[in-house]
Structure formats: structure tokens, C-alpha cells
2 protein chains.
Amino acid sequence: MPDTRTQILDIAERFIRTGGYNNCSFREIATEIGIKSASVHHHFPAKQDLAVAVARRYAKNFRAGLGEPAPAGKQPEQQIALFCDVFRSAFASSGLACLCGVLSSESALLPERVQQEIASFVDANVVWLEQALAGGSKKRNKAIHQNARLIYAALQGAMAVARLKQDSRWLDDVSLAISHQQ
Amino acid sequence: MPDTRTQILDIAERFIRTGGYNNCSFREIATEIGIKSASVHHHFPAKQDLAVAVARRYAKNFRAGLGEPAPAGKQPEQQIALFCDVFRSAFASSGLACLCGVLSSESALLPERVQQEIASFVDANVVWLEQALAGGSKKRNKAIHQNARLIYAALQGAMAVARLKQDSRWLDDVSLAISHQQ
DNA sequence: ACCTGAACACCGTTCAAGT
DNA sequence: ACCTGAACACCGTTCAAGT
């Protein structure tokens, strides 16, 4: 049995990745654990503190899963395929979206600290993709820069539509289109 | 001065495109117009009725803006550029996201009728892109199918990040990457 | 047809109080 | 340190009542 703080983070992450910031309620978290909502505030004073903590933990796990920096000595195609597979397996196993994708599209209603946390996670992902596309070398050019953004944006968009239509083929098709253009 | 119903639709669309479904409140709409929230329910009995009406009107305007079906006799590159520009000019002029992109990433918390409305709007967009990529001919193949999905997903994702970072270059970069791979 | 006030169960947040 | 009950202003929704 994880401690209360970890339970709160787990449940909050699930709520946010399911339906966004407003779908994550202190009262529902409390009910699921079996405490009162005021007790959740003891661990995370305000909702933005909880969201920032969820985002930090999520980013750390995501980076650990990918390997950081992008593992050298592999072909760019393999690394890009690995990146795509993170999204595809998340959808296949849990149906949960990327925390980042959900919160990005809600950014206007997020506290600024939460926005900044999500923004730096996006940056980290794009840097990873640029490393992967450069194949471990130091070269960076406009094509790599734009292509990394394209891949990241397309996966976020495809994840959203796959969840909307409950159809993993959207993620499959976009992953294939990405790999074909390498 | 538009009628009350139109005012409600206008304000609701702005709220949803700013921060999603939960960011759109009957009470706030009512306050902005100068009536009571119970009066808004006279025009739209439940929130899902309002959301469906907003989605229908939005989809109609979007299609009218693009020209439907994709105007024949133009080069695919020009038509794809046109599609990208819809997103870029929406961001530049109003900072508002695509209604669809916002609601897609929240789909788990939407009433099913709203989900279906958004899903069919996505379909219409992809069909438009497939027509554009096929250059007016009847030919459809896997590459066109996947590419249309890639373009749509990438623009939705890029819009989300552009709003998160308040940086239109994300949309510019992704539009360029899309045009380069044609 | 259009609007309102009042009620209901929800929400985040605060705070004094308990252990 | 961790939890609670009670209060506050918010939310969608309903409904009887007004014009």
C-alpha cells in the first residue's frame, strides 16, 4: 500500500489524463482514498501544487522510459519508432492520454506554474527527438528542428483523435506516416 | 445586436475554444449577456445541447471557409497550405484553438452526443485533406490515407503547443515540415 | 416565448479544531 | 504530522412562478 501522498498523485494523474485539469477534483480523490477533501489539501495546499507535482513525476517517468538522452548508436528510424510506441502502448494498455497533450490544449485555464511545467516537458521531448533525428551527431539544421516538432505535434494530435474515436488505428496510421517520411 | 441565442453560442464557443468544456459555464455566459443562468437553459436545456449546437455551427463555418469539397483544379501543395493557414490565422487573429482539438483531448468527459459531433467533424476534415492530396482525382491509397491523418493530427498538436507557449512559430514550423514532405 | 428565484448536489479553498 | 467539520463562493440542473 503506497503512502497517502503517492495515492493522491496516482489518482490525480489518472483523472487529469482522462479528462483534464477540471476533471480532477479534490473531493473525488479524497473519496477514492477514503479521507476527506480537506485532508488532500494538507498534502498539496492548492490544486496547482498537485498538478505541478503530477507533471514533474510524469515527466521524470517519461524520460526514464525513453532513455535520456536519446540512446546513441541506434538508427534514427528505430529511435523515432520507439518514441511512437510510447504513445501507442499507453493507448493500448490504459487508454490514457499523454498528460502533456491534455494539459496543452487546456493551457489557457491553467495556473502559470503548471503551464511552465508542461512547456518544459514539451521542450525536453523535442530535444530528445532532435537528438534521435541527428543520429547522435552534433549537427542541427532547420529540417531536423521542424521535423522534430512535426513528429511531436502529430503524435499528440493522433492520441487525442484515437481517444475520441476509440480507435488505435489513428495512432498506427500517423506512426506509419512518420516513419515513411524519414 | 444579435439575438440572445446567437449571443449564447458566440460566448460559449469562445469559452470552449479558450479552455474546454468545463471552462464554459452557464452562469458566466448569463452574466456576460446580462440575464440569469436559468434563462440560458431556456435556449439550451442542458449543457450538452449547447455544446452540440456550438460544434455544428463551428463545423459549418469551418467547411464554408475551406470550400467544400476541396476546390478542384488546384495543386495539392496549395490546398494543404490553405488548410494550414486556417489554423495559423486563427491563432494569429484570436489566439483561439480549434474547437475540435480542444474537445478531442477532453473526449472522456464529454456526453456521447458531443463526442459524435466532434468525431464527424474530424472525419470531414480528413476527407477534405484526402481530396486535396489526391488532386481532384478519384485515386485513394494508403499513403494518402495516412498522410491526411498526419497533417490533421500535426496541426491539432501544433495548435495546442503554440497556445501553451504562446509562440506561433510552432504552427509555422509544423506547416513548413508538412509542405516539405509533399 | 422568455425570464426569474430558489433549491439541490457538486466544486476548490480556508480555517479553527481535533488527535 | 495528519485529519476533520463547517463555512464560503462557485458550478449544472430543475422547477414552480412570473410576464
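These numbers come from a predicted model, not from an experiment. Each chain gets a letter, A, B and so on, in the order the sequences are listed, and its residues count up from 1.
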Is there a side-chain polar atom (N or O) of A:H41 under 4.0 Å from OP1 or OP2 of D:dC3?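 Negative; the distance criterion is not met.
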Would you say D:dC11 has OP1 or OP2 under 4.0 Å from some side-chain N or O of B:S25?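 The answer is yes; a side-chain N or O of B:S25 sits under 4.0 Å from OP1 or OP2.
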Let me check I have this right: for DNA chain D, each base becomes ., (, ), [, ] or |, based on Watson-Crick or G-U pairs with both distances under 3.5 Å. What is the full string? ||.|||||...|||||.||
When you measure from the side chain of B:A38, which nucleotide among C:dT4, D:dC3, C:dC2 comes out closest?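 It is C:dT4.
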Looking at the side chain of B:E28, which of D:dG12, C:dT13, D:dC11 is the nearest nucleotide?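 Closest nucleotide to the B:E28 side chain: D:dC11.
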Can you measure from OH (B:Y152) to CG (A:D173) and round to the nearest 0.5 angstrom?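 One finds 15.0 Å between OH of B:Y152 and CG of A:D173.
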Measure the distance from [atom1] on [X] to [atom2] on [N] and round it to the nearest whole Å.
| X | N | atom1 | atom2 | answer |
| --- | --- | --- | --- | --- |
| A:N23 | D:dC11 | CG | P | 18 Å |
| A:Q7 | D:dC3 | CD | P | 10 Å |
| B:R5 | C:dA1 | CZ | P | 14 Å |
| B:H42 | D:dA17 | NE2 | P | 18 Å |
| A:I35 | D:dG5 | CD1 | P | 12 Å |
| B:K47 | D:dG12 | NZ | P | 5 Å |
| A:K36 | C:dA17 | NZ | P | 21 Å |
| A:R27 | D:dA7 | CZ | C1' | 11 Å |

Report whether A:V102 and A:I11 are members of the same hydrophobic cluster (ILVMFWY, side-chain heavy atoms less than 4.5 Å apart, transitive linking).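 No.
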In chain order, what residues pass the side-chain contact (heavy atoms from CB on, under 4.5 Å) check against B:A38, with sequence neighbours excluded?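 Once residues adjacent in sequence are excluded, B:A38 has no partner under the side-chain contact (heavy atoms from CB on, under 4.5 Å) criterion.
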Taking NZ, NE, NH1 and NH2 as the nitrogens, is one of them in B:R169 or B:D167 under 4.0 Å from a carboxylate oxygen of the other?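 B:D167 and B:R169: salt-bridged.
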Between A:D3 and A:T6, do the side chains contain an N or O donor and an N or O acceptor separated by less than 3.5 Å?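 A:D3 vs A:T6: donor-acceptor pair found between side chains.
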By salt bridge (Lys or Arg N to Asp or Glu O under 4.0 Å) - contacts of A:K165 (at least two apart):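 For A:K165 the salt bridge (Lys or Arg N to Asp or Glu O under 4.0 Å) partners, ignoring immediate neighbours, are B:D123.
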Return yes when atom CZ of A:R56 has more than 12 non-hydrogen atoms of other residues, nucleotides or ligands closer than 6.0 Å, and no otherwise.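 Incorrect, the count does not exceed 12.
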